[in-house]
Amino acid sequence: MAPEPTTTAAEPVPNVTAEPVSAPTAAEPVPAVVDASAPAPAVAADPTPVEATAPPALTAYDRDRLLTGTHHDPHGLLGAHPVEDGIVFRAFRPYARAVAVLAGEVRADLHDEGDGFFSGVLPLREVPAYRLVVTYEDTVQEVEDAYRFLPTLGELDLHLIGEGRHEDLWTVLGAHPMTHEGVRGTRFSVWAPNARGVRVAGTFNFWDGTGHPMRSLGSSGVWELFVPGIGEGELYKFDIARPDGSHTLRADPLARRTEVPPATSSIVTSSQYEWDDAEWLARRAERPAHQAPLSIYEVHLPSWRPGLTYRQLAEQLPAYVKELGFTHVELMPVAEHPFGGSWGYQVTGFYAPTARLGTPDDFRYLVDRLHQAGIGVLMDWVPAHFPRDAWALAEFDGRPLYEHEDPLRAAHPDWGTLEFDFGRREVRNFLVANAVYWCQEFHIDGLRVDAVASMLYLDYSREPGQWTPNEHGGRENLDAVAFLQEMNATVYRRCPGVVTVAEESTAWDGVTRATHHRGPSGFGGLGFGLKWNMGWMHDSLQYMSHEPVHRKYHHHEMTFSMVYAYSENYVLPISHDEVVHGKGSLVSKMPGDWWQQRANHRAYLGFMWSHPGKQLLFMGQEFAQGAEWSEAHGPDWWLLDPAYGAEADHRGVRDLVRDLNGVYRATPALWEQDTEPAGFQWVAGDASEDNVIAFLRYDADRNPLLAVSNFAAVVRPDYRLGVPDDVPAWHEVLNTDEARYGGSDVTNPHPVKPEPHPWHGLPASIRLTLPPLATVWLRPA
């Protein structure tokens, strides 16, 4: 157990009696700055003046430490304390001209000791309920004394923090408006174990934290101060005295609201939001994600419709996504970040939705509206690294704290950022609690974890000599493995129905295996629910970039994914990373003229939606945007303007995406057994000369769907394909070449009956007309 938080000064206050005395009693509620309706204090309307005697002065040592912000226990010196001849009151009010004590029926002016210190001894037997009257040059304030309050954090909280096991960390660290000992105010607390002292600075003290030093709560490394009269909307930072005595002004690592960048202050906040998504939350855990339909629309919120706030987005995004039939949206990182050009992937405010689009409750409203529309919400989560901004996490308390103390382990070689020290229990706690925080406080349905590969390998993007092997001589980052396992296990235990998704690009064994199941490598699984299939993405896009006449030489690029399809639970991603930085949009990757490009685009989407695995499509690709994405202006919505000449071309692709999602959701064969080999059967996997790929998908009851893609630019009439012999007839349920999608309208309009002619290793066969550059789906008639 962690020791009791200490409130003993470095040197004892002179003349303090050793006899036990009553603890300070709370005054009646005090009117906070934010609440003028609070009851009046229990202080006499016309108190009797009493003369206070001068106590022994503070030692020069304590005085200097308070003035320089390096005292670990200001509460042991300031406030009210029993002494031999009464109660000594000491206030530290820089810039004040006078300070008096109001206690019941009496008022006593304190002696001015200089440098903002005021003190006096009153002939009282016990510490009373009292307030201070502080006189400045142009105003007089009657206030509560922050240094008369007991700590707001209990022994259990400090023990859990010290052990790195406080799963609700955001409820005890940061800034929290609250009523403490009958008084309204805000509790500030921060983890800074290397600090010589910590003060709170903000709008309430004109950004001078001199008069608001915090106390150290023992070996936990936590500093705490309850400031009466402070409420929501106040800006603040922590003024930290580093080990070398210099000061740094830092944003709160657990701030739940921030200023709009480029401003960097934290903001005191509490949620007043009332959710209306109980029905959604009750249903989302009914079926595991890998056995459910999962079709994801990836969105960069600031640029989807530039200029819209969270609440304005809530009026447009759910309707758009619902119309297109996607089951989920994935939001690119919404946690606060200073540089918009990072798209949110360099986070400084891990517990705060970006203020660019509104308040945290505004973001809750957006999630709520999506849920009410039947749409799940995934968000990108970035626990791998953080930027070096001097006001944020880097060397937070003067030494490496959140980052690894070894510079080679701390510096991320690719992005100029710092990697978290996953082996430090408090840092791991910060991140695990953060994952739970988004799911519980914002009802997020899934976390897509960014850059997992960079976390797993000590030699990631490092040359020999730039990394040190682990204790077994290997290149695996054992600390990161343990962190990911703990994070996944905690999220799945705390948040039923939530799914975690790994963006992991290597062949790491067991990304989506349970943490308690060991694999061939000797490691337990990482415990993710799903993993991005980067291999499928790379290979299939490479195939599609070839001219149709050359595709027969690259046929394996479309079929190889089935060799490893069941090694993990996969998502097929066409994400923002594939349509930026000179890579071009999805349609622009396709060969041929404009008609052929769109046809290839449609055929590829049909293939993607029928391939085992869930699917993800980045915004703008659903209507074949020609230009690659830019966060500066977002999707080219003008392409869907009826006044634009080629509007029909783009609307046709969008209509196809809507219908793909519609048929997909209504066809369990396309999603129920995504992770089971029984859900897939090749029909034609080797027809490279024809550029044809055909396979069957099955649901748990063996109901089939036949998917056929013709990636040649010619029509193939009477193309024979093997089928089971227990289906009387097949009918076409989707054809990407239909005229309404912009195709040549080569279709199979009538039911197709099987012939007792074995083909492709199956007992029967059908003959289809395959349209050019198209995908066709057929179901039993």
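Ring pair F623/W637 is tilted by interplanar angle, where 30° to 60° counts as tilted. Ring pair F363/W438 is perpendicular by interplanar angle, where above 60° counts as perpendicular and below 30° as parallel. Relative orientation of the W638 and Y644 rings is perpendicular, given thresholds of 30° and 60° on the angle between their planes.
A side-chain donor-acceptor contact under 3.5 Å links W304 and Y297. In this structure, a donor-acceptor pair under 3.5 Å is absent between the side chains of R598 and H650. E631 and S303 form no side-chain donor-acceptor contact under 3.5 Å, judged by distance and modelled atom types alone. In summary, the side chains of W170 and E441 do present a donor paired with an acceptor at a separation below 3.5 Å, with no hydrogens or angles considered.
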Check against ring-ring contact (aromatic ring centres under 6.0 Å, His included), F711 and Y543: CA-CA 10 Å; F711 291 114; Y543 174 89; 5.6 Å; yes

Verify side chain to side chain donor-acceptor pair (under 3.5 Å) between D659 and Y741, making sure each step is shown before the conclusion. CA-CA 10 Å; D659 292 349; Y741 303 140; 2.5 Å; yes

Check the pair F350, F430 against ring-ring contact (aromatic ring centres under 6.0 Å, His included), reporting the backbone distance first and the verdict last. CA-CA 9 Å; F350 281 81; F430 173 82; 5.8 Å; yes

If you apply the rule side chain to side chain donor-acceptor pair (under 3.5 Å), what do you find for Q272 with S270, and how did you get there? CA-CA 7 Å; Q272 310 300 323; S270 63; 3.2 Å; yes

Before you tell me yes or no, could you show the steps for W777 and T667 under side chain to side chain donor-acceptor pair (under 3.5 Å), namely the whole-Å CA-CA distance, both residues' side-chain angles and the distance that decides it to 0.1 Å? CA-CA 11 Å; W777 292 354; T667 309; over 6 Å; no

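More than 12 heavy atoms of other residues, nucleotides or ligands sit less than 6.0 Å from atom NE2 of H633.
Ring centers of H581 and W343: under 6.0 Å apart, within the cut-off. Residues Y664 and F326 keep their aromatic ring centres 6.0 Å or farther apart. Ring to ring, W536 and Y570 are not that close: their centroids are 6.0 angstrom or more apart.
Contact check on D674 versus K614 returns a salt bridge, with a Lys/Arg side-chain nitrogen under 4.0 Å from an Asp/Glu carboxylate oxygen. Ion pairing between R494 and E167 holds under the 4.0 Å rule for side-chain N and carboxylate O. R654 and E622 are not joined by a salt bridge, as no carboxylate oxygen comes within less than 4.0 angstrom of a charged side-chain nitrogen. Between R364 and D362 no salt bridge is recorded (no basic side-chain N to carboxylate O distance below 4.0 Å). A salt bridge is defined here as a Lys NZ or Arg NE, NH1 or NH2 lying under 4.0 Å from an Asp or Glu carboxylate O, and E315 with R369 meets this definition. Remark: R287 engages E672 in a salt bridge, criterion side-chain N to carboxylate O under 4.0 Å.
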Would you tabulate the side-chain donor-acceptor contacts of residues 333-341 under 3.5 Å, counting partners in other chains and residues two or more places apart, or write 'none'?
| from | atom 1 | to | atom 2 | distance (Å) |
| --- | --- | --- | --- | --- |
| E336 | OE1 | T354 | OG1 | 2.8 |
| E336 | OE1 | R356 | NH1 | 2.9 |
| E336 | OE2 | T258 | OG1 | 2.7 |
| E336 | OE2 | A355 | N | 2.7 |
| H337 | ND1 | A335 | O | 2.9 |
| H337 | NE2 | R356 | NH1 | 3.3 |

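Formation of a donor-acceptor pair under 3.5 Å by the R697 side chain with backbone atoms of G679 is found in this model. Checking side-chain atoms of Q625 against main-chain N and O of D636 turns up a donor-acceptor pair under 3.5 Å. Not one N or O on the side chain of Y437 forms a donor-acceptor pair closer than 3.5 Å with the backbone of L431. Here the side chain of N661 pairs a donor or acceptor atom with the backbone of L324 at under 3.5 angstrom. In terms of modelled atom types and a separation under 3.5 Å, the side chain of H576 and the main chain of M332 share no donor-acceptor contact.
In summary, of the residues considered (N600, V657, T775), a side-chain contact (heavy atoms from CB on, under 4.5 Å) with L605 occurs for V657 alone. Considering Y273, W275, W280 as possible partners of D368, the one that fulfils the side chain to side chain donor-acceptor pair (under 3.5 Å) test is Y273.
Using a 4.5 Å heavy-atom cutoff, the side chains of S342 and W415 are not in contact. Using a 4.5 Å heavy-atom threshold, the side chains of W730 and P704 count as touching. Residues L617 and I296 form no side-chain contact, since every pair of their non-hydrogen atoms from C-beta on lies 4.5 Å or further apart.
Shown here are the ring pair (Phe, Tyr, Trp, His ring centres under 6.0 Å) partners of Y698, two or more places apart in sequence or in another chain: there are none.
Applying the salt bridge (Lys or Arg N to Asp or Glu O under 4.0 Å) test to pairs two or more places apart or on separate chains, those with a residue in residues 576-587 are E578-K583.
For the pair R448 and W381, the cation-pi test (distance below 6.0 Å, angle within 45°) is failed.
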